[in-house]
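Note that the coordinates shown come from a computational prediction; the quantities given were computed from them, not determined experimentally. Both ligands and their constituent atoms are indexed starting at 1 by order of listing.
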Amino acid sequence: MTGHGDDRDRVSYAPAPLDRDATFYVAGHRGLVGSAIWRRLESAGFGRLLGRSSAELDLTDRDAVLDLFREHRPRYVVVAAAKVGGILANATYPVDFLSENLRIQVNVLDAARAYEVERLLFLGSSCIYPRLAPQPIVEESLLTGHLEPTNDAYAIAKIAGILQVQAVRRQDGLPWISAMPTNLYGPGDNFSPAGSHVLPALIRRYDEAAASRAPSVTNWGTGSPRREFLHSDDMADACLHLLEHYDGPTHVNVGTGTDVTIQEVAATIAGVVGYEGETLWDRTKPDGTPQKLLDVARLRSTGWTASIGLEEGLASTVEWYRSSTRTGSRTAASHVGA
Ligand SMILES: NC(=O)C1=CN([C@@H]2O[C@H](COP(=O)(O)OP(=O)(O)OC[C@H]3O[C@@H](n4cnc5c(N)ncnc54)[C@H](OP(=O)(O)O)[C@@H]3O)[C@@H](O)[C@H]2O)C=CC1
Ligand SMILES: C[C@H]1O[C@H](OP(=O)(O)OP(=O)(O)OC[C@H]2O[C@@H](n3cnc4c(=O)[nH]c(N)nc43)[C@H](O)[C@@H]2O)[C@@H](O)[C@@H](O)C1=O
């Protein structure tokens with residue numbers, strides 16, 4: 001189990017495309033990833049999409065989750081609901097990230113099993129890998145070393161989810177799969193300064209500094225860590241692709257295959273928003289993992305590669321952010337530290 005060389009060279013393909021008339025439940029359909037998946041499924045012709053906000057259905061409520069599956073009997077499910085946050089939120093609230101994510105995913109996966117969901121995709125995260133995993137990180141690195149302490153609680157919950165999907169495959173023979181996304185960004189992201197990931201945090205910080213003509217901005221850490229960034233629309237496309245083309249026990253890395261330093265991406269964002277002041281670094285804030293670059297050979301072997309370049313994706317996300325702050329639409333309302 002967990003992908004230690006079990007099927008690396010035996011990528012198999014699902015026998016048929018998904019039925020566009022089947023009920024498809026997107027857990028977390030209002031989030032960064034879930035909303036992109038929803039858009040992608042609509043454009044692919046799925047006519048019976050099922051979604052519930054956390055206010056309508058708290059996925060930590062086991063009976064309520066079972067009721068949803070009993071009533072709607074989805075044939076397909078993507079689990080894109082989770083408690084999600086950047087490095088500081090993860091480090092500050094580890095028990096919340098561990099407990100809520102375990103409960104959400106166990107409830108959804110148990111209900112999907114009880115009602116015999118035919119195809120299911122569970123979303124983990126690249127933080128499941130050891131802090132000092134060899135780069136680029138292959139799927140087989142899982143459980144080969146110590147986790148990054150700023151997100152170990154969240155990572156353990158995600159690893160449990162991968163295991164549950166693999167266990168269902170083994171015990172029940174259902175063709176469920178897991179994907180491990182790299183760091184994601186795009187429209188609908190969480191832009192709260194304390195709770196967000198680095199890209200939305202920097203977009204907001206540099207945009208506000210440009211507007212107020214601030215002489216300097218201060219980012220977290222040293223700026224030397226390397227990260228790989230994937231646009232949420234690419235992520236959504238990869239999710240549908242994997243559901244239709246991949247059927248194996250090993251989780252699949254989803255990324256671009258390219259990384260940048262935080263300093264480099266900060267300079268790019270400053271350029272996109274037109275900020276010309278100085279950038280300072282607050283070394284009292286954590287750097288986290290020194291590098292997180294996924295090996296995407298398995299994903300590529302199924303026939304998928306990312307198509308949205310970082311500069312292009314940042315420019316459109318900045319546009320979205322500016323229009324959402326003008327219109328007051330979702331920028332962070334339901335997020336940690338908002
Ligand atoms: N963003 C990233 O950089 C990365 C994300 N991922 C993974 O992708 C998945 C989606 O993340 P992302 O879209 O960024 O996260 P978001 O925070 O944008 O969205 C999470 C969604 O989960 C829902 N949710 C959270 N708690 C509950 C609950 N108790 N009951 C019901 N719904 C709940 C929220 O619903 P509502 O909006 O209604 O409150 C929200 O729609 C997660 O599994 C995450 O771990 C993996 C790697 C990187
Ligand atoms: C997706 C992933 O996300 C988290 O891990 P992370 O990759 O470390 O994510 P991050 O985006 O928050 O930071 C990336 C880097 O950027 C630096 N940084 C600079 N200035 C800001 C800043 O203002 N905000 C943030 N958040 N980071 C900043 C920061 O110090 C770090 O060096 C985990 O929650 C993990 O669980 C997970 O899955």
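Between Arg40 and Asp233 there is no salt bridge, since none of the side-chain N atoms of the basic residue sits less than 4.0 Å from a carboxylate O of the acidic one.
For the residue pair Ser301/Arg298, the side-chain donor-acceptor check at 3.5 Å is not satisfied.
In terms of polar-atom proximity, Arg30 is counted as a contact of ligand 1, with an N or O under 3.5 Å from an N or O of the ligand. By the 3.5 Å distance cut-off applied to N or O atoms, Tyr154 is not counted among the residues near ligand 2. Between Gly221 and ligand 2, no pair of N/O atoms sits closer than 3.5 Å.
Within the structure, the closest approach of Lys158 to ligand 1 falls below 4.0 Å when heavy atoms are considered. Residue contact annotation: Asp287 has a non-hydrogen atom under 4.0 Å from ligand 2. Note on ligand 1: Ala27 sits outside its first shell, no heavy atom being nearer than 4.0 Å. Ligand 1 lies within reach of Ile104, whose nearest heavy atom is under 4.0 Å from it. Ligand 2 has no atom lying under 4.0 Å from any heavy atom of Glu148. Using a non-hydrogen distance threshold of 4.0 Å, Tyr185 does not register as a contact of ligand 1. Residue contacts with ligand 2 do not include Gly288, since none of its heavy atoms lies under 4.0 Å from the ligand.
Per-residue contacts place Pro225 under 4.0 angstrom from the following atoms of ligand 2 (heavy atoms of the residue considered): 32 (O). Interface atoms of ligand 2 facing Ala201, defined by a heavy-atom separation under 4.0 Å, are 22 (C), 23 (O), 24 (N). Each of the following atoms of ligand 2 lies closer than 4.0 Å to a heavy atom of Pro286: 29 (C), 30 (O). Those atoms of ligand 2 with a heavy atom of Ser125 less than 4.0 angstrom away are 37 (C), 38 (O). Heavy-atom contacts of Gly86 reach the following atoms of ligand 2: 12 (O), 34 (O) (cutoff under 4.0 Å).
Which of Arg204, Lys292, His197 comes nearest to atom 5 (O) of ligand 2 through a heavy atom is settled by distance: it is Lys292. With atom 21 (C) of ligand 1 as the reference point, the heavy atom nearest to it among Gly28, Gly186, Gly188 is part of Gly28. Scanning Gly124, Ala82, Ala80 for the heavy atom closest to atom 7 (C) of ligand 1 points to Gly124.
Tyr76 and Tyr25 have their aromatic ring centers separated by at least 6.0 angstrom.
Counting heavy-atom neighbours within 6.0 Å of Glu264 CD, excluding the residue itself, gives a total above 12.
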